[in-house]
Engineer: 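Shown below is the structure under consideration.
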Amino acid sequence: MQPPAGQPPVTAPAVEMRGIDKRFGTVHANRAVDLTVAKGHIHGLIGENGAGKSTLMSILYGFYTADAGDIVIDGRKVAIAESRDAIAAGIEMVHQHFMLVDPMTVLENVILGVEGGALLRRHVPKARADLKRISAEYGLDVDPDAVVGELPVGAQQRVEILKALYRGAEILILDEPTGVLTPQEATDLFRVLAALRAQGKTVILVTHKLREIMAITDRVSVMRAGQMVGHRHTAETSREELGELMIGRKLATRLDKAPAKIGAVALQVRDLSVRDAMGVQRVKDVGFSIRAGEIVGIAGVSGNGQTELMEALAGMRRFEAGSVTIGATTISAGRPAMADELRRLGMAHVPEDRLRTGMVPAFAARESAILGYQDDPAYARGPLLDWPGIERYTLGLMEKYEVKPPIPRLRGSLFSGGNQQKLIMAREMERDPAVLLVGQPTRGVDIGGIDFIHRRLLAMRDRGKAILLVSVELDEILRLSDRILVMFDGRLVGELLPEHADERQLGLLMAGAA
Amino acid sequence: MHALDQIIPIMAATIRVAVPLVLAGIAGLFSERSGVVDVGLEGKMLAGAFAAAAIASITGSVWLGLLAAIATSAVLGVLHGFVCITQKGDQVVSGVAVNILISGLTMTLGLAWFAQGGQTPPLPPSARFSEVVLPLSGLIGQVPVLGPFYTQVLGGQNILVYPTFALVPLAWWVLGSTRFGLRIRAVGESPAAVDTAGVSVVRLRYAAVLIAGALCGIAGAYISTAQGAGFVRDMTGGRGFLALAALVLGKWRPWSTLAGCVLFAALDALAIRLQGVIVPGLGAVPVEFVQMLPYVMTIVLLAGFVGRAIPPRASGQPYVKDR
């Protein structure tokens with residue numbers, strides 16, 4: 001029997017972490033952190049990016065070793081030096097970046113490390129049966145013989161959970177599990193988590209989304225800047241209180257949005273069709289326009305052509321048919337334009353995949369800060385790059401856009417996701433383009449960062465710029481857009497005004513059901 | 001019957017030439033499938049060749065020579081592992097370093113020990129792997145077509161040839177059907193997944209480089225004590241790189257790597273036969289032209305005929321856990 005939420009359980013807590021301390025070089029990721037998780041609960045762990053949640057959980061899972069502190073599982077003190085020890089203690093983790101071997105099958109991934117013996121053939125039939133049983137028990141539907149790399153992200157996550165349960169997990173840690181999921185997939189995931197709780201399993205849900213905490217957890221612990229700043233019963237707290245604990249100050253709940261001052265058409269798209277690398281038509285006869293001073297939001301479940309549309313508009317992908325007019329220039333299949341020309345025409349682009357397209361993770365921030373504009377004479381001294389000047393420029397960007405830490409020579413990959421995003425936004429917005437394309441501007445960005453980015457985008461709109469926003473976050477679309485276009489299966493299937501749109505109606509359009 | 005007289009020796013030569021390629025190819029396959037790039041196949045083979053010839057020459061035992069070759073080359077494999085796995089160094093640089101080191105070291109040691117210009121003394125037949133005469137050769141040899149094939153291609157080879165070709169199905173079986181193989185495949189694609197599954201990435205990769213070292217040692221012993229009769233400077237002559245090319249061509253899979261090795265070996269066997277052959281209108285075929293073919297073939301095939309060769313995703317990258 002599972003104890004009702006909010007009451008102390010009779011048994012020992014499933015997890016107790018005491019005085020955990022961990023440093024990475026100069027970064028103090030965890031400072032004397034305490035965490036107690038009751039058995040059979042879903043326990044939320046929230047905090048902004050870089051607050052130390054992932055580090056704490058990686059210590060519990062044995063991926064990192066703590067510099068100091070104790071871990072007590074089911075009332076017994078355990079030494080967790082590597083993942084094997086955690087697995088032996090019944091702890092499993094579903095990482096934010098999946099720990100899967102893409103070219104192998106689901107079954108091979110699940111048995112990896114617990115194969116049962118030196119010869120696979122002898123043990124695989126039993127493993128397959130066990131997998132089927134666990135799949136059915138928790139509603140985790142997935143084909144054991146599918147190649148993992150070919151599965152959609154939601155299914156890959158189910159494989160991760162199956163892997164954990166197959167190993168006999170009693171305590172399951174999920175690190176930012178919904179970051180990559182569509183709303184429907186997230187709903188499915190929560191159903192699975194509820195089923196796990198019903199079976200007496202303990203779940204630790206690491207997230208920065210307050211909505212998820214309120215929806216599914218029994219208790220919640222909040223971290224900020226490497227420290228634990230509060231523990232609450234979910235039923236007795238509110239989004240506002242948790243948000244304040246997380247960022248250490250009051251969060252403006254509403255964004256003040258001035259009425260749009262709409263000007264001339266800045267970007268006109270006519271009958272645009274685009275195929276992907278496999279030859280599949282991803283964008284089908286799309287037409288719309290954006291005028292100066294407005295934000296047009298494109299809503300849709302990811303994979304419905306938004307990515308290809310953005311790439312085509314940004315000059316990264318050729319048109320199959322149709323045209324795009326920006327200022328006085330019209331681009332078409334017969335008259336393509338590359339990204340550098342589009343930049344000269346006054347278009348800037350914040351790509352949705354910041355690590356792959358937005359920046360070079362191995363480059364220093366000062367290099368990423370001028371990427372795409374490196375030929376600008378402003379950054380040059382004769383034939384060479386003017387590094388002192390670029391460094392000053394980068395530092396200016398970092399201060400203006402609150403990029404932390406403000407170190408221009410720091411490698412891009414060492415910044416948190418939110419700070420990487422702010423740096424890319426800074427690079428593109430500081431050029432003062434007439435048209436700004438923005439893809440998933442706040443994916444993986446924490447609350448404080450989201451707020452900042454949203455304000456910047458609105459400020460730019462109020463300066464009379466045209467902005468095209470593509471996002472899978474409905475909140476974001478509703479909050480920022482002056483007009484909303486809904487994309488489904490490569491086509492625009494609806495246009496709404498945010499004041500007349502609600503999530504239900506948008507959801508139906510996004511699912512192609514309206 | 002004239003054509004057959006030509007083909008049988010070419011087939012026999014192909015097999016002889018293919019052996020070190022196959023051994024080194026499978027060696028590279030284990031190493032690279034585990035995520036450790038190995039351009040030092042050449043150097044390890046050369047070290048094996050030298051050790052085998054030196055020990056066989058001193059002791060008169062070809063088997064002690066083989067053991068010495070395996071041990072020497074395995075030590076080099078572990079050295080490569082120490083640089084790449086433990087010290088997380090650059091794998092290509094380490095491999096190249098092994099090649100250069102061994103090329104010089106074998107000469108230096110050869111001069112110091114044998115004072116014969118860097119060569120080992122020529123080995124007597126008793127200190128070499130000799131050819132195996134298959135049972136009933138006298139009888140089956142009489143049969144037309146099948147007879148010469150039985151005595152010269154299947155038979156007439158030395159004892160190392162047979163386990164070498166048995167190695168290919170064995171490698172295929174180990175990779176596909178055993179726990180060790182599953183883990184090797186996984187660690188070359190996603191070491192973090194292996195680590196979080198509670199399996200040691202370091203141990204797996206060391207096992208792989210050790211296997212690679214041992215197999216290169218056998219290949220080296222074959223070159224100096226079966227194919228040849230003693231060690232000669234740089235006698236591996238680029239076979240390690242040919243094996244790497246076959247591995248890429250074979251997309252890091254045992255059977256297709258074998259196919260690549262046999263293809264290159266056939267071209268090599270052909271090159272010897274084509275020496276001095278007059279092509280009407282062109283004159284004699286320069287032997288260098290035929291010797292160039294394996295490399296040209298690799299480029300052409302990789303450029304489009306066999307599709308994209310995708311290496312194991314984590315190959316070449318040391319596994320670093322902490323940020």
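Computed over heavy atoms, backbone and side chain alike; hydrogens, waters and symmetry mates excluded. Within every chain, numbering begins at 1; the chains are lettered A, B, ... in the order of the sequence lines, protein sequences first and strands thereafter.
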Engineer: So which of Thr178(B), Val174(B), Thr196(B), Val199(B) has the largest heavy-atom pair count under 4.5 angstrom toward chain A?
Structural biologist: Thr196(B)
Engineer: Between Ser413(A), Ala86(A), Ser83(A), which shows the greatest number of heavy-atom pairs under 4.5 Å with chain B?
Structural biologist: Ser83(A)
Engineer: Pair Asp102(A), Glu189(B) - check side chain to side chain contact (heavy atoms under 4.5 Å, CB included), show working.
Structural biologist: CA-CA 8 Å; Asp102(A) 284 352; Glu189(B) 290 287 340; 5.8 Å; no
Engineer: What option among Ala314(B), Ala193(B), Gly181(B) has the most heavy-atom pairs under 4.5 Å with chain A?
Structural biologist: Ala193(B)
Engineer: Where does Leu112(A) contact chain B at under 4.5 Å (heavy atoms): side chain, backbone, both or neither?
Structural biologist: both
Engineer: Would you mind telling me which of Glu82(A), Lys163(A), Glu108(A), His123(A) has the largest number of heavy-atom pairs within less than 4.5 Å of chain B?
Structural biologist: Glu108(A)
Engineer: Specify which of Gly113(A), Ser58(A), Gly116(A) makes the most heavy-atom pairs with chain B at under 4.5 Å.
Structural biologist: Gly113(A)
Engineer: Heavy-atom cut-off 4.5 Å, strictly under: side chain, backbone, both or neither for Val187(B) against chain A?
Structural biologist: neither
Engineer: Kindly give the heavy-atom pair with the smallest separation between Gly176(B) and Leu120(A), and that separation in Å.
Structural biologist: O-CD1, 3.9 Å
Engineer: Give, as side chain, backbone, both or neither, the part of Phe98(A) having an atom under 4.5 angstrom from any heavy atom of chain B.
Structural biologist: neither
Engineer: Can you confirm whether more than 12 heavy atoms, excluding those of Arg167(A), are under 6.0 Å from its CZ atom?
Structural biologist: yes
Engineer: Atom CG in Asp195(B), atom CZ in Phe63(A): separation rounded to 0.5 Å?
Structural biologist: 5.5 Å
Engineer: Heavy-atom distances under 4.5 Å only: say whether Ser177(B) touches chain A with side chain, backbone, both or neither.
Structural biologist: backbone
Engineer: Taking atom CZ of Arg179(B) and atom CG of Leu119(A), what is their separation to the nearest 0.5 Å?
Structural biologist: 9.0 Å
Engineer: Might you point out which heavy atoms bring Met99(A) and Ala192(B) nearest each other, and give the distance in Å?
Structural biologist: SD-CB, 3.4 Å
Engineer: Measuring from Phe180(B):CZ to Glu115(A):CD, what's the distance to the nearest 0.5 Å?
Structural biologist: 12.0 Å
Engineer: How about NZ on Lys88(B), more than 12 heavy atoms from neighbouring residues, nucleotides or ligands closer than 6.0 Å, or not?
Structural biologist: yes
